[in-house]
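Worksheet for the structure shown next.
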Amino acid sequence: MIKIHRFEIENVKRVKAVCCQPSETGLTIIGGKNGQGKTSVLDAIAWALGGKKFEPSASHREGSVSDPKLHVELSNGIIVERTGKNSTLKVLDPTGKKSGQKLLDSFVEQFALDLPRFMNASPAEKCKTLLQIVGVGDELMKLDREEAGLYSRRTEIGRLADQKKKYASEMQFFPDIPKEPVSAAELIRQQQEILKKNAENQRKREQVDAIQKRMDEAVEKRAQLKEQIAELEKSISLLGADLSDAKKSAIDLHDESTEELEKNIADVDALNQKIRMNLDREKAEDDANGLFWEYDKLTDSIEDIRKAKKALLDNANLPLPGLSVENGELVYNKQKWDCMSGSEQLKVAVAIVRKLNPECGFVLMDKLEQMDPETLKEFGAL
């Protein structure tokens, strides 16, 4: 882990001249009154190690006739110097493997030089940085997309189910009527069958009267025509048998009423309308129940994804105890970024930045005065 061993700064922003050898462990605190150049020292170190993109817009100390001069010695033996109006860079590497800014970029994390850049990033960008560090970013993003898709689908299913349920509850329902629409033609056919049967019954009744009349005529004729008595007796015997059969058949005859069918025929349209309304209501309720079932299945799928995400993060090598990710945002001790205190935000940011490049053993920080002594001590142990 490479740390800053010593630095010298001249004529940068508010600083006339500063020489410092930071502590090898913990924090090195640069103190002073407002406007005396504390931030200028941090900006100068960032400029020395980070290059032109970190150079202050007004880097030259006002009133100075000498150009800025930056000298930084690192724990790995590398010496960095920037001098002159053009900020000429000189990097002395004991190994001689690399030179210039390329060498510095290999172990200096950019966020370590510009911590506010990380702290001011959006929640999604902070979260993405952390997840990429611990190596679960791509997999977690995939799970997030699946969860978002299922959640959207479940929301739509729930909305449709509620609509169907409300639609079914508002529809009129008619109990004690047939399940299927009634055919008027079938009712008419049944009516015609009954009328046909009744007509046959009437014919048989009339037949009884006719036979009776013929029998009476035969008996009267027998009295008048004794010579034909034998033939008439035979006729009487035959007619008597027919009469007996006809009477027996007529006794069991029963005329059926068509009144109910006639009423049903007259009311068939209204009845069928009620039946269709009942069927529509039943279908709406079935649709609602099916949608509620699908809603529950989607809920189960969402819970499975959330468990997978939690397991993924539980097994990840996160840079700070109590740090996690929920719904695409950083969470520290169950608090989202905007609910963390200023000192907690600094702790989280530094831990993540240190994790980004373990070779970079330092972080430049401003505004440490917002930490109380106890928090500052705890922070220095990170």
Side-chain angles (χ1 to χ4, degrees), residues 157-296:
I157 288 295
R159 184 182 66 80
L160 290 174
D162 289 339
Q163 287 179 351
K164 286 285 187 181
K165 191 69 176 178
K166 184 174 182 295
Y167 174 67
S169 65
E170 292 175 350
M171 296 174 68
Q172 193 173 3
F173 185 74
F174 304 94
D176 303 326
I177 64 173
K179 290 286 186 180
E180 300 293 335
V182 177
S183 170
E186 177 61 21
L187 294 175
I188 293 173
R189 186 193 66 76
Q190 293 178 22
Q191 181 192 39
Q192 290 176 343
E193 287 289 332
I194 292 174
L195 291 174
K196 181 179 178 182
K197 185 176 180 181
N198 290 346
E200 179 64 18
N201 291 345
Q202 183 61 30
R203 185 190 67 77
K204 289 181 178 180
R205 292 189 190 96
E206 293 174 353
Q207 185 182 33
V208 170
D209 295 339
I211 293 173
Q212 183 67 55
K213 182 179 180 181
R214 288 172 60 192
M215 183 176 177
D216 292 342
E217 290 176 350
V219 171
E220 183 179 355
K221 189 174 182 180
R222 184 184 61 180
Q224 298 173 358
L225 302 170
K226 291 188 178 202
E227 65 274 13
Q228 299 177 358
I229 193 168
E231 184 179 350
L232 290 175
E233 286 293 340
K234 183 180 178 180
S235 178
I236 291 170
S237 177
L238 293 174
L239 290 172
D242 290 342
L243 179 60
S244 177
D245 291 340
K247 284 181 176 181
K248 289 179 181 179
S249 179
I251 289 174
D252 296 331
L253 296 177
H254 175 69
D255 292 345
E256 295 183 24
S257 173
T258 64
E259 180 180 355
E260 183 176 353
L261 284 173
E262 290 171 355
K263 182 178 183 301
N264 288 342
I265 291 171
D267 297 340
V268 68
D269 288 337
L271 178 63
N272 285 339
Q273 183 179 5
K274 292 178 180 179
I275 292 173
R276 283 190 291 270
M277 291 174 68
N278 281 359
L279 292 173
D280 289 342
R281 174 170 171 158
E282 289 178 4
K283 184 179 184 305
E285 289 178 339
D286 289 342
D287 290 345
N289 291 334
L291 291 169
F292 282 130
W293 177 86
E294 187 174 353
Y295 182 94
D296 291 338

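Since the model is a prediction, treat every value here as computed from it, not as a measurement.
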CZ/Arg214: more than 12 non-hydrogen atoms of other groups inside 6.0 Å: no
Side chain to side chain contact (heavy atoms under 4.5 Å, CB included) partner of Lys164, chosen from Asp286, Leu291, Asn289: Leu291
Salt bridge (charged side-chain N to carboxylate O under 4.0 Å, His left out) between Glu200 and Arg203, worked out: CA-CA 5 Å; Glu200 179 64 18; Arg203 185 190 67 77; 2.5 Å; yes
Interatomic spacing from CZ in Phe292 to CG in Asp287 - rounded to 0.5 Å: 11.5 Å
Polar side chain donor-acceptor pair, Gln212 to Asp216, under 3.5 angstrom: yes
Least distance between heavy atoms, Glu285 atom then Ala168 atom: CG-CB, 3.5 Å
Lys197/Glu193 under salt bridge (charged side-chain N to carboxylate O under 4.0 Å, His left out): CA gap, chis, key distance, verdict: CA-CA 6 Å; Lys197 185 176 180 181; Glu193 287 289 332; over 6 Å; no
Phe174: partners by side-chain contact (heavy atoms from CB on, under 4.5 Å), with sequence neighbours left out: Gln172, Ile177, Lys274, Met277, Asn278
Minimum side-chain heavy-atom gap Asp280-Phe173 below 4.5 Å: no
Cationic N near anionic O, under 4.0 Å, Lys213 to Asp209: no
Gln192 and Lys196: CA distance, side-chain angles, deciding distance, side-chain contact (heavy atoms from CB on, under 4.5 Å) verdict: CA-CA 6 Å; Gln192 290 176 343; Lys196 181 179 178 182; over 6 Å; no
Flag if over 12 foreign heavy atoms under 6.0 Å of OH, Tyr167: no
Sub-4.5 Å side-chain heavy-atom contact between Leu279 and Lys283: no
Sidechain N-carboxylate O distance under 4.0 Å for Glu186, Arg189: yes
